[in-house]
Amino acid sequence: MGALIGKKVVQLAAVLLVVTFFSFLLIHLLPGDPAATIIPLGTDAQRTQLRKDVGLDKPLVSQYTRWLGKFVRGDFGRYYRQFGGEPVRKRLSQALPVSLQLLVYAEVLALVIAIPLGILAAYRAGTWVDRFLSTGAFASLAIPDFVLALVLIFYLGVKLKWFPVLGYVHFGQSPTEHFKSMFLPAFSLALAQAAVYMRLLRSDMIATLQEDYILMARSQGLPTWRILLRHALRPSSFSLLTVAGISVGTLIGGAIVIEAIFTLPGVGLTIFQAISERQYIAVQACVAVIGCGYVVVNFVVDLLYTALDPRVRHAA
Amino acid sequence: MSRSARSSFAAIVVGLALVAAACGGGSGSSSAGGTSPNGSKGEGPPQSGGSITYGLGAESSNGFCLSGANLSPEGIQVAESIYDTLTVPNEKGDYVPYLAKSVAPSSDYKEWVITLRPGVLFHDGTPFDAAAVKLNLDAYRHGLLIQFAFANIADTTVVDPMTVKVTMKVPWVAFPAYLYFTGRIGMMAPAQINDKANCATKMIGTGPFTLKDWVVNDHLTVLKNQKYWRPGLPYLDQITFRPVVDPSQRTNGLKGGQLNIIHTDSALQIKDLRDAAAHGQLTIFENQKGAEVSYNMMNVSHAPFDDITARQAVILATDRVELNNIVNGGVNTIADQPFAPDVVGYVPDPGYPKFDLAAAKVKADAYKAKHGGQFNVEVETTIDPENAREAQLLKSQWAKAGINATIKQVDEATLISDAIGGGYQMNLWRNHQGSDPDTQWVWWHGGSAINFQRFKDPAVDQIFDIGRSDIDPAKRKTDYDGLSKALNAGAYDIWKWYALWAIASQTNVHGITGPDLPDGGGKQGLLASVHPMVGLWVSK
Amino acid sequence: MRNDAAAVGELLDPVGRSDFDGPLLDVRDLTTHFQTPRGIVRAVDGVSFTLEAGRTLGIVGESGSGKTVLSRSILGLSPRRQLVDPQGQILFEGRDLRPMDEHELREVRGRQISMIFQDPMTALNPVMKVGRQIMESLRVHFDMSKADARERAIDLLGQVGIPSPGVRVDEYPHQLSGGMRQRVMIAIALSCEPKLLIADEPTTALDVTVQAQILDLLGRLQSERNMAVVLISHDLEVVGGRADDIAVMYAGRIVEMGPAAELFKATRMPYTDALLRSVPNIEDPPHTRLLAIGGRPPDLVSPPPGCRFNPRCPRAGFRCGVQEPPLAPDDDNVHHIYRCWYPVGGPTGPEAEAAEARPRRVEH
Ligand SMILES: Nc1ncnc2c1ncn2[C@@H]1O[C@H](COP(=O)(O)OP(=O)(O)O)[C@@H](O)[C@H]1O
Ligand code: SF4
Ligand SMILES: [Mg+2]
């Protein structure tokens with residue numbers, strides 16, 4: 001077990017190096033002089049400062065190690081505004097929790113929708129309930145998340161005024177308002193995921209329900225819900241978990257647009273704004289943070305997988 | 001709409017463009033939905049207290065060091081809450097003292113004496129005095145782009161603690177208008193100006209609200225200034241400004257109740273808001289006064305537009321009615337000149353040619369005959385999809401006249417730096433907010449460093465030179481009558497339409513046009529894109 | 001008319017009635033037919049038997065003869081949506097289980113009647129600790145607290161002969177050997193003290209050495225608890241020494257049934273005879289035996305007319321292909337019943353028919 005984790009950690013470190021290197025390269029992929037691109041209208045002194053900050057005159061590899069050293073210490077560079085500019089770290093430290101909340105809520109919401117419906121569809125496989133749910137899942141897969149967002153905004157936000165259509169409320173400020181402000185964005189992201197999860201869980205669950213141990217549980221007189229939830233769900237959820245982990249990538253991609261639509265001050269909106277303001281140093285940092293986040297999430301999912309399936313755990 | 005792109009021209013460049021409507025005329029305000037925003041009918045007496053959230057289309061991420069900030073209209077709205085200006089326009093379009101007690105010229109208009117209103121304090125408790133005013137004016141004289149507008153100032157001197165004298169290089173009649181500059185020339189506390197590192201974020205003024213906190217790209221909150229120099233004002237306890245870049249989301253936020261008031265220049269949104277206002281769901285305030293004009297500017301220092309035949313050909317080949325219908329849903333008013341109808345310089349017939357495909361073809365063929373059979377045009381626009389659509393439409397219109405256009409999409413900063421650097425043929429632009437035409441000097445005078453189109457037109461220069469120093473106010477109003485004609489004779493621009501601005505609010509938000517000016521000065525004169533914050537109130 | 005006491009008793013214990021004095025299980029004319037794309041599979045086709053409390057019924061028959069379907073039918077575990085017109089009665093302590101819905105059956109399953117399955121690897125949940133799997137039944141049927149249920153689970157693991165049950169209780173099935181897993185399954189099945197245990201090929205998946213241990217364990221637990229057992233196997237030898245009565249199944253029907261000793265001593269049905277004479281097969285897994293006759297059991301969608309065994313029967317006569325023999329008692333022992341026109345011990349079909357035909361021909 002320990003050796004297994006050790007091996008995975010080494011892999012993780014290698015992947016993180018690759019991810020950070022490509023994020024770092026971003027600045028160098030800009031056409032022309034990065035300093036002139038980032039500061040098109042500023043003064044030469046400002047451009048010189050930027051070159052000095054980034055070390056643009058040094059060889060690429062030493063630039064990278066320098067950048068990585070700072071990145072690891074949480075120094076993500078700064079914005080280059082007409083007058084000064086705040087550290088990227090300050091902005092990210094405010095944005096990251098918002099995005100993490102959005103992702104977690106979206107993921108939880110997707111699972112909360114998908115698990116009961118997936119179980120129901122499997123339990124009622126072949127009936128009209130199952131067909132209804134499958135059709136619904138196909139339909140929601142066909143709707144892009146931002147279109148869904150706009151539809152939800154119109155009906156639930158503008159017409160019914162159930163949920164705010166923009167803005168973010170801190171949990172500490174008002175938990176109810178917080179969840180209300182996160183609902184539409186999270187739901188917009190979650191629905192298509194829920195459809196994917198539901199279909200996946202359904203098919204795995206149908207296979208599981210054929211297993212002898214389910215019959216064994218039934219022969220012991222256990223109630224149906226107990227069999228479905230306690231006996232069938234876990235062994236049916238390995239691929240669901242894997243896909244949920246991989247989907248974090250899809251969710252992150254969707255979150256960038258969703259945050260922009262709902263004016264949620266997360267990393268996505270930060271990137272969006274940084275791109276439109278040519279704050280490529282900030283973009284670089286955000287991309288690196290997101291990339292690393294994605295890699296780490298998948299690492300954690302891998303470990304979770306191990307925890308969920310004792311056979312994998314003990315095989316190590 | 002194409003708002004995000006074009007407003008940033010405002011953000012950087014337009015800072016220079018304006019002063020305010022110098023001529024009189026009606027209020028220029030219209031109000032749909034039956035509720036008048038200025039408190040005159042149906043609103044009852046203003047009530048104190050309450051807070052609102054104000055949705056803006058752009059963040060002023062370069063901050064509020066006003067001398068260098070080049071604020072967009074959105075940024076000016078924020079600045080209006082924290083800063084006061086020495087002068088403001090009144091309803092007749094005259095510039096009257098506001099934070100100043102008086103602004104008086106010498107008989108030859110080469111010297112202006114600014115006397116200050118006593119007892120005014122900055123938010124940090126320091127007095128508003130002559131030293132502070134000089135510090136401010138000197139800062140503006142060195143501002144990144146504003147320096148060009150103030151280039152005519154020779155010197156500023158403190159006469160006594162309450163008096164500042166400003167000396168001009170040539171007689172300058174329009175100076176009080178420059179002291180307002182659409183609310184740009186706010187008086188900053190010395191503590192802000194002198195803190196070079198934090199000038200952009202350490203906002204200290206004398207205005208009705210004080211800065212509480214600002215998280216860039218998220219919110220900027222101001223609180224009631226308890227010691228404001230205008231008794232009983234402001235009414236609100238707090239305003240939170242929130243950048244909501246997407247125009248439809250701004251409308252949704254207003255309808256959904258997250259925003260109490262919004263600012264928009266999207267024609268399609270304005271159409272929608274008018275509808276909602278007609279149903280009594282919200283209040284809309286529209287103001288066409290001194291509206292900016294949307295146009296394509298041409299660079300005469302390069303082929304093909306160094307040849308007037310080429311310029312005339314594209315002007316004749318552009319069907320602006322079709323363009324307006326498709327791009328703006330027909331909401332905007334077509335413009336034949338850079339001046340809005342209420343602005344000095346506006347003339348009923350500026351001599352702009354009508355859309356005429358046959359004539360365009362003749363011009364295009366003439367150009368081709370001179371230039372080896374080729375007529376290729378490159379149009380620069382932003383990556384904004386609406387702008388790109390407009391450019392596509394132009395391309396297809398011109399193609400009918402045999403003009404071959406290519407579209408170059410760049411980001412806004414590049415578009416602007418190309419304009420400054422001269423590396424463009426034609427671009428999609430918006431500028432020239434209504435004001436004293438003297439303020440357009442920097443754009444079109446042959447002696448200006450930032451004449452982006454790079455023409456030196458003796459007829460144009462002569463009009464500007466006369467107008468700047470004409471001390472006869474009555475005659476001065478007609479000095480600029482030939483300007484649009486001269487520009488159109490040079491065929492420098494394809495004028496398209498006047499930009500629209502609307503301020504929409506929930507029905508319980510009032511006082512958008514502001515309270516009466518102090519000292520019995522009547523109503524404040526308003527420009528299309530900006531309104532004062534001091535008079536806002538909410539009914540309970 | 002019932003008196004009030006009886007009504008209260010039913011409320012408290014709606015199924016298991018301790019005052020009932022008939023047979024514990026009385027299966028009458030049970031049919032379980034499945035709808036399939038190929039047609040109707042007559043997996044169990046009119047089976048009847050009784051079982052008294054504390055006794056053991058062995059059911060034997062080749063693979064595919066319907067033993068498993070029969071055992072699952074008793075607990076209503078057959079796939080309901082596939083069932084076609086289920087017939088017959090399953091009287092457990094006098095109450096018919098057949099018409100019961102899932103909810104009612106739940107009170108019976110595990111609590112009154114339990115099952116153990118052939119393959120302990122697939123029949124135990126791989127992602128659940130064995131202790132928890134035992135605790136589940138206890139918590140559901142006895143509403144036990146977690147702590148109590150755990151203690152009882154450890155106790156049960158000890159009773160089924162698992163060493164250091166306090167440790168094993170927290171292990172997963174894959175950490176246990178095959179024999180251990182089967183012991184765990186027995187512990188689960190017996191956790192709620194059922195009156196009847198149905199063991200469907202309980203040792204088929206196990207090594208020969210372990211087989212006897214498990215069967216001995218079952219026997220011990222059965223007598224300790226006075227529990228009735230239906231012991232199912234394809235191997236007559238497994239059932240032989242342990243069942244009081246034996247039923248032989250072929251193609252969804254009981255073809256011979258009687259007290260075990262009688263069945264061995266006076267085998268009547270040629271199919272039973274074939275099972276008895278089957279020999280261990282060296283190449284196949286150790287517990288499989290090769291039937292002394294060739295061929296395969298018939299297709300249950302369209303079973304052959306007449307005696308279902310006749311295509312394979314060495315004794316079959318003409319009549320066997322036309323008329324199905326009834327399940328009738330042996331002349332010597334009314335408890336010994338079988339289906340055969342030409343039982344072992346008498347003339348074969350051709351012999352008998354020849355004997356019958358000759359005089360007739362002479363007559364003509
Ligand atoms: N759900 C089902 N649908 C269709 N046929 C089935 C089903 N279950 C069992 N059968 C068929 O019923 C017959 C009896 O099977 P089974 O009871 O498992 O035999 P045994 O346990 O004696 O080996 C087999 O032919 C089998 O294919
Ligand atoms: S009835 Fe005939 S076919 Fe059937 S078992 Fe007896 S002898 Fe064989
Ligand atoms: Mg079987």
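Chain letters run A, B, ... following the sequence lines, proteins first, then strands; residues in each count from 1.
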With a strict 4.5 Å heavy-atom criterion, list every residue of residues 126-143 of chain C that contacts chain A, or say none. C:P126, C:V127, C:M128, C:R132, C:E136, C:S137, C:R139, C:V140, C:H141
Heavy-atom distances under 4.5 Å only: say whether C:L75 touches chain A with side chain, backbone, both or neither. side chain
Rounded to the nearest 0.5 Å, the CG atom of A:D212 sits from the CE atom of C:M121 at a distance of 11.0 Å
The complete set of salt bridge (charged side-chain N to carboxylate O under 4.0 Å, His left out) pairs with one or both residues in residues 111-130 of chain A, sequence neighbours excluded, reads A:D130-A:R202
How about residues 176-193 of chain C versus chain A: which residues have heavy atoms under 4.5 Å apart? C:M185, C:I188, C:A189, C:S191
Quick one: does C:N125's side chain get under 4.5 Å of A:M216's, heavy atoms only? no
Could you tell me if C:E102 and A:T224 have a donor-acceptor pair between their side chains, going purely by distance under 3.5 Å? no
Tell me, do C:F117 and A:S219 make a side-chain contact under 4.5 Å, heavy atoms counted? yes
Apply side chain to side chain donor-acceptor pair (under 3.5 Å) to the pair C:T122 and A:E211, showing each step before the final yes or no. CA-CA 7 Å; C:T122 60; A:E211 295 283 347; 5.9 Å; no
CZ (A:R218) and CG (C:L105) are apart, to the nearest 0.5 Å, by 9.0 Å
Around A:K7, counting heavy atoms of other residues, nucleotides and ligands shown, do more than 12 lie under 6.0 Å from its NZ? no
Kindly give the heavy-atom pair with the smallest separation between C:S114 and A:Q220, and that separation in Å. OG-OE1, 3.1 Å
Do you know which of C:A123, C:G76, C:P79 has the most heavy-atom pairs with chain A at a distance under 4.5 angstrom? C:A123
When you look at CD of C:E151, are more than 12 heavy atoms from neighbouring residues, nucleotides or ligands closer to it than 6.0 Å? no
Residues in residues 95-109 of chain A near chain C [non-hydrogen atoms, under 4.5 Å]: none
